[in-house]
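All of these numbers come straight from a predicted model, not from anything done at the bench. Just so it is clear: chains get the letters A, B, ... in the order the sequence lines come, proteins before strands, and each one is counted from 1.
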There are 2 protein chains.
Amino acid sequence: MSDSPADATPRRPATIRDVAALCGVTASTVSRALTTPGRVNYRTRARIEAAASELNYIPNAQAKALSSGRTRTVAVLVADITNPFYFDIIRGTQLQLKAAGYTQLLVDTEESEEVEANTLEQMRRTADGVILTASQLSDAALVAASGRMPLVTINRDMAGVPSVILDTPTATNQALDHLISLGHSRIAYLGGPESSSSNMRRWAALSTAGRERDVDVVRLGPFAPRTYSGAAAADALVHSGATAGIAFNDLMAIGMLQRLHERGVQVPEDLSIVGCDDIFGADFCSPPLTTVTAPIEQAGRVAVTMLLSQISPGVGLLQRNQEVLPTYLTVRGSTGTAPAGSPRLDR
Amino acid sequence: MSDSPADATPRRPATIRDVAALCGVTASTVSRALTTPGRVNYRTRARIEAAASELNYIPNAQAKALSSGRTRTVAVLVADITNPFYFDIIRGTQLQLKAAGYTQLLVDTEESEEVEANTLEQMRRTADGVILTASQLSDAALVAASGRMPLVTINRDMAGVPSVILDTPTATNQALDHLISLGHSRIAYLGGPESSSSNMRRWAALSTAGRERDVDVVRLGPFAPRTYSGAAAADALVHSGATAGIAFNDLMAIGMLQRLHERGVQVPEDLSIVGCDDIFGADFCSPPLTTVTAPIEQAGRVAVTMLLSQISPGVGLLQRNQEVLPTYLTVRGSTGTAPAGSPRLDR
DNA sequence: AAGCCAATGACAACCGATTGCCAAAAATTG
DNA sequence: CAATTTTTGGCAATCGGTTGTCATTGGCTT
């Protein structure tokens, strides 16, 4: 039992030459048999395939990459692996990449432009393409990078650079209407990082919509898109005198919920809160969060599809170079009718 | 501006021979200058370094891997990328791998033994080592795999295979004592997958502890370790007549909380719930979950450290081949005193 | 000044595949 | 049946590095 053929795994994995030797052909023939089906007589191919599986031959990916120039690997750069938002992205990319036989390289850029640029340069050789989330790169650098290698961004709208955009501004406006219909007339936007283009787009949409609908929409922040900055955001919101707040993302919104609970401010009785993204947890926090539901995982999947069509243009899957994914408002327990007579919330 | 030296990125990245040519030396000298510092005169090395940075030379990872046999890549296999538990693992591995200059390959095995085995065989060439979470492999297969390449498991206690174990049984017993001290005397364990070794160890510890302390500990399930199976678990718990439940993990516990809320069962007044892991969300669900806090991210980090010390044995970092990480009980709002007189919970 | 040794850089083989080109064998054609 | 075309497999170069071996150089000892 110590050496039954099934278990026997020689210490050195079989190479293409081992297979060739076993069949009495050369390595090039084996290579052709395995990669260019029609190029080799079917009888010899059968022999080769048998030998390959007998030796448990697995082509060396490195060698393959070196000679072919393709690594069958895609790098996914996330800004902050701590953020559940990116988990959904990663889930989507992983799913789609695996289906296409690609391997996923996961890199956390820690929101650093430098790390991002270096990684990108590194990956130029290591990966066949890159998916960039929340890029910190300048417009010029991004365009340049995109010219150098297949690349798709998520949530970065840049002409000439293929991208997947989660259309949160539209749904944020829906959220605004939702709040207005509940009687709110002074509403705050708890902003995220200034460098975030979705943050900017969203605020632009909200402030315009506010003017059109004749309600006060004020902007607070910027706040870090993390749970812990929810405290600052909550305090700012209370102090602002607004009766409802739309947060940059769910993380912040959940942090706000916690802080407001501590301070004894009732949600939604005293204050309504809307989040954005609908991440894991948004449905079971207390109260459950009214939020803008974004198809995050789908964004990851679509990004991969777009990227792969760049990598192998023959396969005309998805040739557009921008994909806008719709989002929608999910109403849960954190929004309610505006308090009568604008109660003094800030003690 | 279209061709300033700083921006100029030739279409073909510079190779080691380009650098060599620019310095009037051979490729081997460049290689040595860059990798074996003392091997080359410091003056020529300086010249080479200057040339390298001028040409923006980045060694080709594939070629490097091919000739050196090291890929500087580690594969992390997770059973289910959907589960927040693994996010924390991934976060830990990513952190530590990056610090060591390694790249992380992320693979979702979808809880399939076959996918796991195939990936493992594949990675034998592609990665320098593997971190295995929730492995589905048989003991024999695991030992064999571990003999073939550097490998560290997380939460799989197998003699001869280096592992990181989150010692949840100890803290689960603490949870039991906590419940007993609150007056509970009939307590259920909502089991996870039978194939999970931490599930088995935990149940073994709980049932022994229950006997020792002379309280009823019953086992329900198995249930899938997901939020959605919390409904079944909650119903089973209510029907069992126990006044407290310890769930296999937080996901299940959070699902139970939701279901119990729907059914109008008050937590913790009618029923106490304890989770396990302390994942993202455990602190802000409703009520906040009493749970066994496990240093999940640390487990990822430690696994990487152990793996790297296997890969380069010279660096005597962490030579033990099993690391048990302590966990502790975090009491939040989902546990309380036992209801008086065993109220009829099941309608 | 002869002899020796360490330092330094070049040469060439090698890692494991792919692929352009060529020659032998087989099949087709007139 | 000879001439031509197609099929099939081998040879060797190549991808971009690493590394063992060797020859040269210069410094040092005695």
Side-chain angles (χ1 to χ4, degrees), chain A residues 10-49 51-52 55-73 121-128 312, chain B residues 10-49 51-52 55-73 121-128 312:
Chain A
R11 58 150 63 80
R12 193 179 63 84
T15 73
I16 200 169
R17 291 171 225 278
D18 298 332
V19 178
L22 188 60
C23 293
V25 297
T26 40
S28 53
T29 306
V30 176
S31 172
R32 290 202 177 93
L34 266 27
T35 59
T36 327
R39 186 64 178 68
V40 157
N41 188 297
Y42 85 102
R43 301 186 67 83
T44 46
R45 191 178 74 204
R47 268 167 50 219
I48 289 173
E49 278 167 354
L55 292 180
N56 196 7
Y57 167 70
I58 296 178
N60 181 318
Q62 263 61 35
K64 215 163 175 159
L66 187 56
S67 53
S68 70
R70 317 255 75 147
T71 60
R72 293 200 75 80
T73 280
E121 196 54 35
Q122 179 73 249
M123 287 308 152
R124 191 174 160 201
R125 319 287 294 275
T126 302
D128 289 349
S312 12
Chain B
R11 60 149 61 81
R12 193 180 62 85
T15 73
I16 201 170
R17 293 173 221 273
D18 297 333
V19 178
L22 188 58
C23 293
V25 297
T26 41
S28 55
T29 304
V30 176
S31 172
R32 290 207 171 88
L34 265 28
T35 60
T36 324
R39 185 62 178 71
V40 157
N41 187 299
Y42 84 102
R43 300 186 68 83
T44 45
R45 192 178 73 205
R47 267 167 51 218
I48 289 173
E49 278 167 354
L55 292 180
N56 197 7
Y57 168 68
I58 295 178
N60 181 319
Q62 263 61 35
K64 217 162 173 159
L66 186 56
S67 53
S68 69
R70 318 255 74 149
T71 60
R72 292 200 76 80
T73 280
E121 196 53 36
Q122 178 74 250
M123 287 307 152
R124 191 172 161 204
R125 319 288 293 277
T126 303
D128 290 348
S312 12

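Applying the side-chain hydrogen bond (donor to acceptor under 3.5 Å, both in side chains) rule to pairs touching residues 33-42 of chain A yields nothing, sequence neighbours excluded. Annotation: salt bridge (charged side-chain N to carboxylate O under 4.0 Å, His left out) contacts involving residues 17-28 of chain A, sequence neighbours excluded, comprise A:R12-A:D18. Counting only residues at least two apart or on different chains, the side-chain hydrogen bond (donor to acceptor under 3.5 Å, both in side chains) pairs with a member in residues 20-33 of chain B are B:T26-B:S28, B:T26-B:T29.
Using a 4.0 Å cut-off on heavy atoms, the residues of residues 61-70 of chain B that approach DNA chain C are B:L66, B:S67, listed by number. For the contact set between residues 16-27 of chain B and DNA chain D, defined by any heavy atom under 4.0 Å, the members are B:I16, B:R17.
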### Pairing annotation in dot-bracket form, given for DNA chain C with Watson-Crick or G-U pairs under 3.5 Å and | for cross-strand partners
||||||||||||||||||||||||||||||
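B:S31 comes within 4.0 angstrom of a base, heavy atoms only. Nucleic acid contact for A:Y57: sugar-phosphate only, since backbone atoms but no base atoms lie under 4.0 Å from a heavy atom of the residue. Within 4.0 Å of B:T44, counting heavy atoms only, lie sugar-phosphate atoms of the nucleic acid but no base atom. Using a 4.0 Å heavy-atom criterion, one finds that B:T35 contacts the sugar-phosphate atoms exclusively.
A:A20 and A:A27 make their closest contact through CB-N, 3.6 Å (heavy atoms, listed as atom of the first residue, atom of the second, distance). Considering all non-hydrogen atoms of both residues, A:L34 and A:Y57 come closest at CD2-CE2, 3.7 Å.
We find that CD1 of B:I48 is positioned 9 Å from C1' of C:dG9, with the value rounded to whole Å. In this structure, B:R45 places its CZ atom 14 Å from C1' of C:dA7, rounding to the nearest Å. B:N41 places its CG atom 10 Å from the C1' atom of C:dG9, with the value rounded to the nearest Å.
First and last contacts of DNA chain D with chain B, using any nucleotide atom under 4.0 Å from a protein heavy atom and ordered 5' to 3', fall at D:dG16 to D:dT21.
With rounding to the nearest 0.5 angstrom, the CZ atom of A:R125 is 7.5 Å from the CD1 atom of B:I58. How far CG of A:L55 is from OG1 of A:T15: 9.0 Å, rounded to the nearest 0.5 Å.
For the pair A:S28 and C:dT19, the criterion of a side-chain N or O lying under 4.0 Å from OP1 or OP2 is not met. Proximity of A:N60 to the phosphate of C:dA17: no side-chain N or O atom is located under 4.0 Å from OP1 or OP2.
The residue among B:I58 and B:R32 whose nearest nucleotide of DNA chain D is located toward the 5' end is B:I58.
For B:R45, the side-chain contact (heavy atoms from CB on, under 4.5 Å) partners are B:A33, B:P37, B:V40, B:E49, not counting sequence neighbours.
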Distances under 3.5 Å only, N/O to N/O: pair up the protein atoms with those of nucleotides 22-28 of chain C.
none

Donor-acceptor contacts, no H, no angles, side chain residues 62-73 of chain B, under 3.5 Å, sequence neighbours left out:
{"unit_1": "B:S67", "atom_1": "OG", "unit_2": "B:A63", "atom_2": "O", "d": "3.1"}
{"unit_1": "B:S67", "atom_1": "OG", "unit_2": "B:K64", "atom_2": "O", "d": "3.4"}
{"unit_1": "B:S68", "atom_1": "OG", "unit_2": "B:K64", "atom_2": "O", "d": "2.6"}
{"unit_1": "B:S68", "atom_1": "OG", "unit_2": "B:R70", "atom_2": "N", "d": "3.2"}
{"unit_1": "B:S68", "atom_1": "OG", "unit_2": "B:R70", "atom_2": "O", "d": "3.4"}
{"unit_1": "B:T71", "atom_1": "OG1", "unit_2": "B:T73", "atom_2": "N", "d": "3.3"}
{"unit_1": "B:T71", "atom_1": "OG1", "unit_2": "B:T126", "atom_2": "O", "d": "3.2"}
{"unit_1": "B:T71", "atom_1": "OG1", "unit_2": "B:D128", "atom_2": "N", "d": "3.3"}
{"unit_1": "B:T71", "atom_1": "OG1", "unit_2": "B:D128", "atom_2": "OD1", "d": "3.0"}
{"unit_1": "B:R72", "atom_1": "NH2", "unit_2": "B:A100", "atom_2": "O", "d": "3.0"}
{"unit_1": "B:T73", "atom_1": "OG1", "unit_2": "B:T71", "atom_2": "O", "d": "3.3"}

